[in-house]
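Labels below follow one simple rule: chain letters A, B, ... track the order of the sequence lines, proteins then strands, and each chain is numbered from 1.
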2 protein chains.
Amino acid sequence: MKVYKIPEATVMRLSVYSRFLHQLLDEGVNTASSEAIAQGVGVSSAQVRKDLAYFGEFGTRGVGYRVDELYGHLKSILGLDHDWNIILVGAGKLGSALALYQGFAERGFHVSTIVDNDKKIVGNKLGMVTVEPIEVMTQRVKEKDIKVGVLTVPASAAQNVTDLLVEAGIKAILNFSPRVLKVPNTVILRNVDLSVNLEVLSFNLNMNKKN
Amino acid sequence: MKVYKIPEATVMRLSVYSRFLHQLLDEGVNTASSEAIAQGVGVSSAQVRKDLAYFGEFGTRGVGYRVDELYGHLKSILGLDHDWNIILVGAGKLGSALALYQGFAERGFHVSTIVDNDKKIVGNKLGMVTVEPIEVMTQRVKEKDIKVGVLTVPASAAQNVTDLLVEAGIKAILNFSPRVLKVPNTVILRNVDLSVNLEVLSFNLNMNKKN
DNA sequence: CCACTCTTGTGAAATAGTTCGCAATTAAGT
DNA sequence: ACTTAATTGCGAACTATTTCACAAGAGTGG
Ligand SMILES: NC(=O)c1ccc[n+]([C@@H]2O[C@H](COP(=O)([O-])OP(=O)(O)OC[C@H]3O[C@@H](n4cnc5c(N)ncnc54)[C@H](O)[C@@H]3O)[C@@H](O)[C@H]2O)c1
Ligand SMILES: NC(=O)c1ccc[n+]([C@@H]2O[C@H](COP(=O)([O-])OP(=O)(O)OC[C@H]3O[C@@H](n4cnc5c(N)ncnc54)[C@H](O)[C@@H]3O)[C@@H](O)[C@H]2O)c1
C-alpha cells in the first residue's frame, strides 16, 4: 500500500478549508473554485489544489468544487465523521474556558471527563460535566475508551499527568503547559504554547524596527 | 544591508530554547552543550546550532554555551529585553484566563488594558486591571502606545475589532478567533486556532488506524 | 608542549514544501 | 458541432529547511 507522508502544514490548512467551506454552506454557496477558497483563507490557489491532491480528485475542471461534497470529504479525511471523547486534566482558568467552549462540540469534540487534584475544585460543574478527582483518571480513560487528553495543569505536574495518561492508554495529547513532554512514539503529542506565539510577535516587531 | 530571512520555525524554537535555559539557570547549571539543549527541548543538536548561527557565535568549542550568556542573547534576539504592553479585546472565558495568566508577565508581556462591549462585564476587575468599554479602545492604544493586541472576541466581531485596532495604530495582533483576518501587511498577525490543533490530532489518529 | 577529547560553526548534501505552467476537461455560447 | 473561457490536477522547477559530516578551536592531563 502506498502511503504518502502528508505535511503537517497541509493538515492544518485542510482544517481551515473545512471551516471556510462550512461558512460557505451557511451562506448557501454551492460551488467554489480553488481560487475562491484560497482567497477566503489567505493562501494560493495552487496550494489549495496541491493539498487536496494528496487525497484524491474532488473537483470538476472548468467548474470548481461542490461545497457540500468537498466539505464532507474534508471532514472524513480529518477524522471528523464521528465524535471524539476528550478528557480534560486541570480545571483551572484555562481548563475551564476550554471545557465551556462551544466551538469544540461543533466540530465533534466532546469534553466528557474533567479531572483535577484540588479538592476545592472537585465537584464543581462546568457545563454538563462535573469535575472529578484525579484518582479516577485512569479508570475513566479506560472505561470510556478516551483517545484524546487535553492538559491544562501547571508545568510542574505536566509530565507526571502525561505518564499516567499514557499508561491508561491515551492515544493523543494536546498540551497547553509550557513544558516539553516525553511520550512514547505511539502517542501523538501537540503543544500549544501561547508564550511562544507572543514571543514570535515580539521578535518580528523587533526585526521590523531594526531594518 | 544584508538581512537574512529567519524561518519562523527557528524563531519558535528560540523561544523554547530560552525557556529551557531559564529552567537550567534555576537549576544552577552554568554551561550547556547544543546536545544538552537539544535533549531538553526535543530537537537535534545540529538544529540548535543552526538556529543560533543565524544570529552569531555564542558558544565555545569543546565546551558549549554559558547558560546565562546565551539566555541573555536569546531574550534580546526575541525582543524580550524590554516589556510589552498588551491590549486584550474580549473579556470572556478565554480572555479572562489569558488576562489572569502569570506566565505572560514573567516573559515581559503585560496586559495593561482590557476592553469588552458587554455592559455587564465592563467594570469587572481581572487581577489589577479593570475591564473598560470598547469605546475607549482606540484612545488607549494611542495614549499608551500599545503595539500588541490579543483578540478573544467571537468570530463575528473579529474583523471589525481588527480594523479598529489597525486604525488606532496597533503593530501586531494575536487572534484566537476562528476567522481569517485581513490586515495591512504593516501589521503582524498570528492566529492561534485551537480547533485546528484538535483536528490535526484527529487526523493523525485516523491515519494511524488506517495504516 | 603534545596528544587526546569534546563540541562548536558551517559548507554541502539531502529532504521537504511551495509555486509554476500547462495539458486536460467541462460548461456555455453561437 | 465548434469556439471560447474557466478551472482542475499534476509534473517539473524552484525555494526552504533540516541533517550530515568534519575542520577548527578549546580545555585537560601528562
Ligand atoms: N491561563 C492561561 O491563559 C494560560 C496561557 C498559556 C499557558 N497556560 C498554561 O496552562 C496551564 C494551566 O494554566 P491555568 O492558568 O489554567 O492555571 P490554573 O492554576 O488556573 O489551573 C491549573 C489547574 O490544574 C490543577 N492541577 C495542578 N496539579 C494537578 C495535578 N497533578 N493533577 C490534576 N490537576 C492538577 C490545579 O488544581 C488547577 O485547577 C499551565 O501550565 C499554564 O502554564 C495557561
Ligand atoms: N473559550 C475557549 O476555550 C476558546 C477556544 C478556542 C477559541 N476560542 C475563541 O476565542 C474567542 C472568545 O471565546 P470565549 O469562549 O472567551 O467567548 P466568550 O463569549 O466567553 O467571550 C467573548 C467576549 O467578547 C465580547 N465581545 C463580543 N463582541 C465584542 C466586540 N465587538 N467588542 C468587544 N468585545 C466583544 C463579549 O462580550 C464576551 O465577553 C471566540 O472567537 C472563540 O471562538 C475560545
> For the pair made of NZ in A/Lys5 and C1' in C/dG17, what is the distance, rounded to whole Å?
Replying inline: 10 Å
> Rounded to the nearest Å, what distance is computed from the OH atom of residue B/Tyr54 to the C1' atom of nucleotide C/dG11?
Replying inline: 13 Å
> Roughly, in whole Å, what's the span from CG in A/Leu70 to P in D/dT8?
Replying inline: 11 Å
>> Which is more 5' along DNA chain D, the nucleotide nearest A/Val63 or the one nearest A/Lys50? Just name the residue.
In response: A/Val63
> Nearest to the side chain of A/Arg61, which nucleotide is it out of C/dT7, D/dG9, C/dT10?
Replying inline: D/dG9
> Does A/Ser34 make a side-chain N or O approach to OP1 or OP2 of D/dT8 shorter than 4.0 Å?
Replying inline: yes
>> With a 4.0 Å cut-off on N to O distance, would you call B/Glu199 and A/Arg19 a salt bridge?
In response: no
> Using a cut-off of less than 4.0 Å, is there contact between a side-chain N or O of B/Tyr65 and OP1 or OP2 of C/dG9?
Replying inline: yes
> How many Å lie between CD1 on A/Ile6 and P on C/dA16, as a whole number?
Replying inline: 13 Å
> Which part of the nucleic acid does A/Ser45 contact within heavy-atom distance under 4.0 Å: base, sugar-phosphate only, or nothing?
Replying inline: nothing
> So how far is it from A/Ile134 CD1 to A/Asp116 CG, rounded to the nearest 0.5 Å?
Replying inline: 7.5 Å
> Atom CE of A/Met12 to atom P of C/dG17: distance rounded to whole Å?
Replying inline: 13 Å
>> Determine whether a donor-acceptor pair (N or O, by modelled atom type, separation under 3.5 Å) exists between the side chain of B/Ser202 and the backbone of B/Leu198.
In response: no
> OP1 or OP2 of D/dT17 less than 4.0 angstrom from a side-chain nitrogen or oxygen of B/Gln47, does that happen here?
Replying inline: no
> Please give, in whole Å, the distance from D/dT7 C1' to A/Leu52 CG?
Replying inline: 13 Å
>> Let's see if you can work this out: which of D/dA21, D/dT18, D/dT8 has an atom nearest to the side-chain heavy atoms of B/Arg49?
In response: D/dA21
> If only side-chain N and O atoms of B/Arg13 are considered, is one of them under 4.0 Å from the OP1 or OP2 phosphate oxygen of D/dT18?
Replying inline: yes
>> Using whole Å, what does the distance between atom C1' of nucleotide C/dA23 and atom CD of A/Glu57 come to?
In response: 14 Å
> For C/dT19, does OP1 or OP2 lie under 4.0 Å from any side-chain N or O of A/Ser44?
Replying inline: yes
> Toward the 5' end of DNA chain C, which comes first, A/Glu8 or A/Ala46, by nearest nucleotide?
Replying inline: A/Glu8
>> Is it the case that the side chains of B/Ser18 and B/Arg107 hold a donor-acceptor pair, with the cut-off being a distance below 3.5 Å and no angle test?
In response: yes
>> Parallel, tilted or perpendicular, judged at 30° and 60°: which one describes the rings of A/Trp84 and A/Phe109?
In response: parallel
> Within this structure, what is the CZ-to-C1' distance between B/Phe58 and C/dT8, rounded to whole angstrom?
Replying inline: 13 Å
